[in-house]
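Take a look at the structure below.
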Amino acid sequence: MDYYSKEISKLIESLSSLPGIGPKSAQRLAFHILNMPKEDVKYIADSLVSARDNVHYCKVCCTLTDQDICPICSNPKRNHKQIMVVEDTRDLAAYEKTGKYDGTYHVLHGAISPMQGIGPSEIRLKELMVRLQSEDVEEVIIATNSSLEGETTAMYISKMVKPSGIKVTRIASGVPVGGDIENIDEVTLLRAFEGRVDL
Ligand code: ZN
C-alpha cells in the first residue's frame, strides 16, 4: 500500500482487521471516513471506545451489558426458574425480539469445538453451574445453534445438568441444521421454542 500516505494506510489496515471487512471494503470505508465531517468521525470513535470501556459480562447471565446485572436478570417479572442457554448475546436478542419468552438466559460466548481447540472451560459453563447450584431453577432450555459445535455443547450441558434433577430441554429442529439462531425469522424461532423436547 505504498500509494497511500502512512496515516491512510494505517486506517485501512486497522479497518481490515475487523471481521467481514476485506481490503477493498476497508479502502472504501477509509475514504468514506476521510470525507466525513470531523465531528461525525469523533462520534463514531468515541462510541467505539466508550462501548469497549463500559460493556462487560452480566454478573449473573454473562450477557454483554453496561450494568453490573443486566435488565433481564434484574427484572422481577421474568421467570427466574427458566434459563435459556444461548451461544452469544445476538441469539439472546433474537429470542427477545419474539417477545414471547419471559424466562432468563445464560450466554456461553461460544460453543465447544474440539476441532478449533475450544473446550468446556473456554466458554461460560462454570458460571452456569454456579447458577444452578445457587438459584431455584426448574428448567434449562438449550438453544445453542444446530451446528456440530452447538450439538456437542448441548449434549455436554445435558450430561452436566441432568444429575441435579433439573429438567433439560432442547429447542426443536425447526432451526435448520447449521443455522445460526440470529439469522432465523421469529416465527421459526418461536416454533422451535414451543416444540422443545426433553433431553
Ligand atoms: Zn444478566
Side-chain angles (χ1 to χ4, degrees), residues 19 47-113 118-147 149-172 175 179-186 188-190 192-194 196 198-199:
S47 313
L48 287 172
V49 175
S50 160
R52 188 61 193 87
D53 279 347
N54 298 309
V55 174
H56 43 247
Y57 292 163
C58 166
K59 283 190 173 147
V60 180
C61 73
C62 298
T63 194
L64 291 167
T65 177
D66 54 9
Q67 286 149 328
D68 264 1
I69 295 178
C70 78
I72 295 172
C73 289
S74 54
N75 184 350
K77 288 190 182 130
R78 306 287 297 221
N79 177 3
H80 290 260
K81 294 186 173 183
Q82 248 182 356
I83 299 179
M84 184 187 285
V85 182
V86 293
E87 289 184 23
D88 59 43
T89 298
R90 287 167 300 168
D91 298 339
L92 177 157
Y95 271 100
E96 281 301 282
K97 258 189 252 163
T98 70
K100 293 277 163 60
Y101 175 68
D102 71 345
T104 61
Y105 295 91
H106 190 84
V107 181
L108 296 172
H109 295 283
I112 298 170
S113 172
I118 301 169
S121 56
E122 260 91 25
I123 57 176
R124 302 274 153 168
L125 276 172
K126 204 177 69 211
E127 288 82 350
L128 175 64
M129 288 316 282
V130 170
R131 281 181 78 182
L132 296 181
Q133 279 153 17
S134 58
E135 295 173 33
D136 180 17
V137 179
E138 284 172 0
E139 183 183 1
V140 171
I141 304 157
I142 307 175
T144 51
N145 290 331
S146 53
S147 58
E149 292 80 12
E151 294 300 344
T152 308
T153 309
M155 289 319 292
Y156 189 91
I157 295 172
S158 169
K159 272 189 199 151
M160 206 173 73
V161 177
K162 266 192 161 172
S164 66
I166 298 169
K167 186 177 174 186
V168 183
T169 56
R170 174 88 174 109
I171 55 163
V175 176
D180 276 348
I181 283 170
E182 56 162 328
N183 296 324
I184 292 164
D185 69 276
E186 289 165 29
T188 311
L189 211 53
L190 263 182
F193 171 66
E194 278 158 6
R196 66 190 186 275
D198 287 351
L199 278 186

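Any value given below was found using the heavy atoms of this structure, including those in side chains, with hydrogens, waters and symmetry copies removed. Along the sequence shown, the residues carry numbers beginning at 1. First listed ligand is number 1; within each ligand, the first listed atom is number 1.
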Parallel, tilted or perpendicular: ring planes of Tyr57 versus His109, cut at 30 and 60 degrees: parallel
Which of these passes side-chain contact (heavy atoms from CB on, under 4.5 Å) with Arg170: Thr144, Ile141, Asp198? Thr144
Could you check whether any side-chain N or O of Arg78 sits under 3.5 Å from a backbone N or O of Gly103, counting only pairs where one atom can act as donor and the other as acceptor? yes
Between the main-chain N or O of Asn145 and the side-chain N or O of Glu87, is there a donor-acceptor pair closer than 3.5 Å? yes
I'd like to know if the side chain of Ser113 and the backbone of Gly119 have a donor-acceptor N/O pair within less than 3.5 Å. no
Under 3.5 Å: donor-acceptor pair, side chain of His106, backbone of Arg124: yes
Listing residue and atom name, which protein N/O/S atoms are closer to the Zn ion (ligand 1) than 2.8 Å? Cys58 SG, Cys61 SG, Cys70 SG, Cys73 SG
